[in-house]
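The block underneath contains the structure these notes are about, expressed in structure tokens.
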Amino acid sequence: MQEIILIKNGELALKGLNRATFESVLVKNIKRRLHDLGRFVITRSQSTITIEPTDEGFDVDEAVDRLGRVFGIAAFVRACKTEKSMDAILKTACDYLAGDLSGIRAFKVESKRSDKTFPLTSPEISREVGGALLTQYPHLRVDVHHPEKTVTVEVREHAAFIHCDQIKGAGGMPVGTGGKAMLLISGGIDSPVAGWMMAKRGIVLDAVHFASPPYTSPQSEQKVHDLLGQVARYSGDIGLYTVPFTEIQEQIRDNCPEALFTLVMRRFMMRIAERIARRESCAALVTGESVGQVASQTMLALGCTDAVATLPVFRPLIGMDKDEIIIRARHIETFDISIRPYEDCCTVFTPRHPRTRPSLSLVAAAEQKLDVEALVSRAAENAKFELIRND
Ligand code: ATP
Ligand code: MG
């Protein structure tokens with residue numbers, strides 16, 4: 001029996017003229033994700049992408065696991081490929097579906113016949129396959145209204161495919177169809193989720209992390225690596241820029257009013273991230289901020305942060321509650337890494353009474369004593385680059 005994978009690429013079907021481009025990016029991404037599992041052939045036709053292993057050892061289970069993290073796939077199925085004759089179809093259905101049908105009672109068969117020269121119509125195919133399954137597995141009965149499983153037979157141009165359950169895909173758009181953005185990543189719960197959400201919309205990620213040794217530890221940098229490693233399983237490789245931030249934080253501590261520490265720091269992060277983003281051709285910045293979550297994320301505070309950025313700043317979590325964010329963090333398996341207890345630079349010089357309703361003029365005045373341009377360009381130049389690979 002030859003097992004293959006059929007991909008149904010949902011939202012892409014809506015994209016009109018762009019569809020061909022989107023599909024070809026998706027195919028490229030799939031090839032990259034599966035290349036080390038053995039040889040296989042990918043073909044596209046009738047809005048289905050078919051992955052057909054040509055290697056005995058091709059690990060279909062692992063392929064299915066990885067495909068569940070490829071954006072642009074709405075749903076996919078494992079299927080058995082067979083010759084286009086009723087004899088072959090009936091035999092394959094009985095053999096291949098044994099496991100799927102053993103634990104259930106009610107099923108139905110649906111058939112799709114894109115090859116109109118096939119001698120039986122779709123209802124006839126369904127009837128024959130249903131009959132064969134009932135004979136082979138007498139515990140079953142047909143229930144077309146409330147089946148526990150639906151068996152699908154697809155008769156296509158070159159072969160017939162038989163399968164049961166659809167597997168839900170990661171959805172979204174293929175990474176690489178939406179341009180590139182720079183994610184500001186802390187070691188917290190929110191920013192990895194924010195990156196994942198943008199990748200889901202087809203955007204390639206670079207990332208910037210601000211580290212303040214010796215106030216922050218090597219473990220907190222490791223945590224960022226591990227978090228991006230998890231996000232990269234969905235987004236593909238991520239270029240990480242680690243920026244030395246100690247000097248800037250000390251200067252802020254020594255020269256600015258305490259109530260504005262975090263906000264001034266946040267503005268430096270934006271400026272530096274933007275500098276690197278422009279250098280690396282990123283078209284936007286991404287943060288994990290959500291309105292009202294902490295003092296530096298009130299609407300007015302976010303306005304003060306935005307004022308130093310000229311690139312668009314995307315905040316995909318802006319309207320989400322923490323518990324909603326945590327559900328996603330668990331889903332993408334970043335949560336357990338995020339809650340490791342290491343200091344982030346944000347927690348280093350936290351003001352006791354942060355200003356929650358800052359004005360732009362107040363914040364700008366607080367930065368008067370700092371040589372902003374020199375600090376920003378030095379930090380951006382000294383950023384250390386590493387590529388975080390997908391597996
Ligand atoms: P998170 O869980 O993302 O850390 P948080 O609730 O701790 O969020 P803050 O610490 O206020 O929020 O940070 C807000 C946003 O600023 C983060 O989501 C991230 O995008 C960015 N940020 C914070 N600290 C850093 C850092 N050390 N390096 C890069 N970006 C950072
Ligand atoms: Mg944080």
Side-chain angles (χ1 to χ4, degrees), residues 179-188 190-192 194-196 198-199 203-232 235-253 261-289 296 305-306 308-315 334 337-338 342-349 367 370-390:
K180 186 163 73 161
M182 181 65 78
L183 169 68
L184 284 82
I185 179 137
S186 67
D190 306 329
S191 40
W196 177 84
M198 296 311 292
I203 286 169
V204 173
L205 298 176
D206 269 352
V208 61
H209 174 67
F210 298 90
S212 297
Y215 303 106
T216 57
S217 63
Q219 287 95 319
S220 64
E221 285 185 50
Q222 184 58 45
K223 194 174 165 185
V224 169
H225 278 223
D226 294 348
L227 287 170
L228 288 177
Q230 292 299 92
V231 177
S235 68
D237 298 349
I238 301 172
L240 168 64
Y241 298 84
T242 303
V243 175
F245 206 49
T246 316
E247 180 192 15
I248 292 176
Q249 285 204 282
E250 287 177 342
Q251 288 229 9
I252 294 171
R253 177 196 59 194
F261 279 178
T262 311
L263 202 49
V264 173
M265 181 187 73
R266 191 64 84 236
R267 281 160 57 96
F268 270 94
M269 287 185 177
M270 282 291 175
R271 292 180 179 110
I272 297 163
E274 169 151 318
R275 194 69 60 96
I276 301 172
R278 286 200 178 277
R279 198 177 74 200
E280 302 304 324
S281 309
C282 295
L285 303 175
V286 179
T287 80
E289 290 158 316
S296 59
T305 314
D306 264 4
V308 296
T310 56
L311 285 174
V313 182
F314 292 146
R315 300 181 169 94
T334 52
I337 303 170
S338 292
Y342 306 111
E343 292 272 294
D344 181 62
C345 69
C346 291
T347 42
V348 174
F349 303 121
E367 290 172 352
L370 305 174
D371 187 345
V372 172
E373 174 50 35
L375 288 167
V376 168
S377 54
R378 194 151 60 235
E381 269 160 38
N382 291 331
K384 181 182 74 182
F385 177 79
E386 286 155 280
L387 191 65
I388 307 295
R389 288 192 183 280
N390 168 26

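As the structure is a computational prediction, the values presented were derived from the model and not from experiment.
No side-chain donor-acceptor contact under 3.5 Å links Thr287 to the backbone of Leu184. Within the 3.5 Å criterion, the main-chain N or O of Met182 finds no donor-acceptor partner in the side chain of Asp206. The backbone N or O of Ala211 sits nowhere less than 3.5 Å from a side-chain atom of Thr216 that would complete a donor-acceptor pair. Of the possible donor and acceptor atoms, one in the side chain of Glu274 sits under 3.5 Å from a partner among the backbone N and O of Leu311.
When all heavy atoms of Ile238 and Ala232 are compared, the pair lying nearest together is CD1-N, 4.0 Å. For the pair Ala194 and Gly288, the tightest heavy-atom approach, listed with the atom from each and the gap, is CB-CA, 3.8 Å. Closest approach of Pro214 to Thr246, counting heavy atoms only: CD-CG2, 4.5 Å. Residues Ser338 and Pro192 share a closest heavy-atom pair of OG-CG, 4.3 Å. The two residues Ser186 and Gly188 come nearest to each other via the heavy atoms OG-N, 3.0 Å.
Atom CZ of residue Phe385 and atom CD1 of residue Ile276 lie 11.0 Å apart, to the nearest 0.5 angstrom. One distance of note links CZ of Arg315 with OG of Ser191; it measures 13.0 Å at 0.5 Å rounding. With rounding to the nearest 0.5 angstrom, the SG atom of Cys282 is 9.0 Å from the CG atom of Leu205. Within the model, atoms CE of Met198 and CG of Leu285 stand 10.5 Å from one another, a figure rounded to the nearest 0.5 Å. Remark: Leu228 CG to Ile185 CD1 distance equals 4.0 Å, nearest 0.5 Å. The line from CG of Asn382 to CZ of Phe245 is 13.5 Å long, rounded to the nearest 0.5 Å.
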Between Thr334 and Trp196, is the side chain to side chain contact (heavy atoms under 4.5 Å, CB included) condition met? List the steps. CA-CA 10 Å; Thr334 52; Trp196 177 84; over 6 Å; no
Given the rule in the side chain to side chain contact (heavy atoms under 4.5 Å, CB included) test, do Gln249 and Phe210 qualify, once you have shown the distances and angles that lead to the verdict? CA-CA 10 Å; Gln249 285 204 282; Phe210 298 90; over 6 Å; no
Check step by step if salt bridge (charged side-chain N to carboxylate O under 4.0 Å, His left out) holds for Glu373 and Arg275. CA-CA 11 Å; Glu373 174 50 35; Arg275 194 69 60 96; 3.0 Å; yes
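Tested against Val308, the residues Arg266, Arg267, Met269 include a single side-chain contact (heavy atoms from CB on, under 4.5 Å) partner, Arg267. Tested against Val208, the residues Leu240, Val243, Leu183 include a single side-chain contact (heavy atoms from CB on, under 4.5 Å) partner, Val243.
Remark: the Asp226 side chain and the Gln222 side chain contain an N/O donor-acceptor pair separated by less than 3.5 Å.
Residues Glu221 and Glu386 are not in side-chain contact: their nearest non-hydrogen atoms beyond the backbone lie 4.5 Å or more apart. With contacts defined as side-chain heavy-atom distances shorter than 4.5 Å, the pair Lys223/Ile337 qualifies. At a threshold of 4.5 Å between non-hydrogen side-chain atoms, the residues Phe268 and Gln251 do not count as touching. Here the side chains of Ile272 and Ile248 are in contact, with some heavy-atom distance below 4.5 Å.
Other residues, nucleotides and ligands contribute over 12 non-hydrogen atoms within 6.0 Å of the CZ atom of Arg278.
In this structure, the salt bridge (Lys or Arg N to Asp or Glu O under 4.0 Å) partners of Arg378, at least two apart in sequence or on a different chain, are Glu247. Partners of Arg271 by salt bridge (Lys or Arg N to Asp or Glu O under 4.0 Å), not counting sequence neighbours, listed by chain and number: Glu367.
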